[in-house]
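We name chains A, B, ... by the order of the sequence lines, and we start the count at 1 in each one. The structure displayed is predicted, hence computed values, not measured ones.
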Number of protein chains: 2
Amino acid sequence: MISNTDSSEALAQRLSDSGLRSTPQREVIYNVLLKRRDHPTAEEVFARAKPEMPMISLATVYNCLEALVQCDLVRTVNFERGPTRYCPNLHPHAHFHDTKTGATHDVELPEGLIDQVKSILPPGFEASSVEIIFRGQAHATSTNPTP
Amino acid sequence: MISNTDSSEALAQRLSDSGLRSTPQREVIYNVLLKRRDHPTAEEVFARAKPEMPMISLATVYNCLEALVQCDLVRTVNFERGPTRYCPNLHPHAHFHDTKTGATHDVELPEGLIDQVKSILPPGFEASSVEIIFRGQAHATSTNPTP
DNA sequence: GGATTTACTTAGAATGATTCTCATTCCTAG
DNA sequence: CTAGGAATGAGAATCATTCTAAGTAAATCC
């Protein structure tokens, strides 16, 4: 289990690597994301951060999320024109958007899949990233937690 | 070469199959999309339609595009939070977003790739669609037209 | 250690894309 | 031919996000 202090220090490190400062607001925001990895929107993050830090403003939430994205601790996901959602970045993964419930699930990518997909690009195209989004329905089989 | 009349009739057919009417506005909008397949935004479509139909309104452009999407003649593409872009739907294809120029290129998908990508889904996940977005730079090799 | 620059936060205004409202016009079926 | 549902057009409204300005805090320089 990762202690709060560990993630704080990792956060501070990552931020300063990108020339950014560690602040109480950024820690709170990051912890909110780590606590429930359900791809919340900025508004949802705002709502979850408020109990911990009642004076925090929505603009700051956006700023902090942006900072976390900058230092590669967090990734953004967009479905159509819906609000941007945020997930703390672990492995390379795709997203599954359940059109029935609106939930977003991470889908682990097997080793090499990204390279294989990249290989379909015609000559002259250099992809720095590949995003894969599934849309459909997730029928809960046994236990299926998206922590 | 597809004549204007052919595409008009195909359009009328597709629309009525979805319980929608064929209208002059919808024809103009569809033709605008067919003429330059550069993934224009609604505003761009609006600008291109105006010379043909000066009274058309932006709301109607949105309505028409929505109608075309409904009857599967047009597909939407979204990059981050940028405005929605529209492409007349041919084969299944991925999109390559050139981060330098902002241009969008269609990337044909080899037979079976989509199924293969779908096969990485854990049990219980039924994907009705898969979207693949590349980001990077396209270095023009020989001729490379995205009409 | 104090001054100064620089980054960060905040609240609210501003923006941009899209949707909504509603009056009007157009088809289409009866 | 006429009633009723669709589609259009103009502008207002909405929603997510960004910008602005003013105030704070933290790091650097002397």
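The minimum heavy-atom distance between B/F96 and B/A138, with the atom names listed, is CE2-N, 3.9 Å. The shortest heavy-atom contact between A/R26 and A/L68 is O-CD1, 4.5 Å.
Atom CG in B/L58 sits about 9 Å away from atom P in C/dT18, given to the nearest Å. What separates CG of A/N63 from P of C/dG12 is a distance of 16 Å, to the nearest Å. Rounded to whole Å, the distance from CD1 on B/I56 to P on D/dA7 is 14 Å. Counting to the nearest Å, the C1' atom of D/dT17 and the CD atom of A/E44 are 16 Å from each other. If you take CG of B/L20 and C1' of D/dG5, they are 13 Å apart, rounded to a whole angstrom. Spacing between atom CD of A/Q25 and atom P of D/dT24 amounts to 14 Å, rounded to whole angstrom units.
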Between the protein and nucleotides 15-17 of chain C, which nitrogen or oxygen pairs are less than 3.5 angstrom apart?
none

Detail all sub-3.5 Å separations between protein N/O atoms and N/O atoms belonging to nucleotides 20-24 of chain C.
none

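Of the candidate nucleotides C/dT9, C/dT18, D/dA7, D/dA7 has the atom lying nearest to any side-chain atom of B/R26.
Comparing B/C64 and A/T41 by the nucleotide of DNA chain D whose heavy atom lies nearest to each, the residue mapping closer to the 5' end is B/C64.
Between A/H97 and A/T104, the closest side-chain pair of non-hydrogen atoms falls below 4.5 Å. Using a 4.5 Å cut-off on side-chain heavy atoms (C-beta onward), A/M53 and A/P24 make contact. Counting heavy atoms from C-beta outward, B/V74 and B/I29 have side chains that stay 4.5 Å or more apart. Between B/F79 and B/T99 there is no side-chain heavy-atom pair separated by less than 4.5 Å.
Using a cut-off of 4.0 Å between Lys/Arg side-chain N and Asp/Glu carboxylate O, B/R135 and B/E80 are scored as salt-bridged. With respect to B/D106 and B/R75, no salt bridge is recorded, no charged nitrogen being found less than 4.0 Å from a carboxylate O.
Of the side-chain N and O atoms in B/T60, one or more sit less than 4.0 angstrom from OP1 or OP2 of D/dG9. Residue B/T23 places at least one side-chain N or O under 4.0 Å from the OP1 or OP2 atom of D/dT8.
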Protein heavy-atom contacts under 4.0 Å, written 5' to 3' over nucleotides 25-30 of chain C as B (base), S (sugar-phosphate only) or - (none), form the string --S---

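Under 3.5 Å, the side chains of A/Q13 and A/D17 contain a donor-acceptor pair of N or O atoms.
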Does the side-chain contact (heavy atoms from CB on, under 4.5 Å) test come out yes or no for B/L90 and B/R37, once each step is laid out?
CA-CA 11 Å; B/L90 356 119; B/R37 291 154 174 269; 2.6 Å; yes

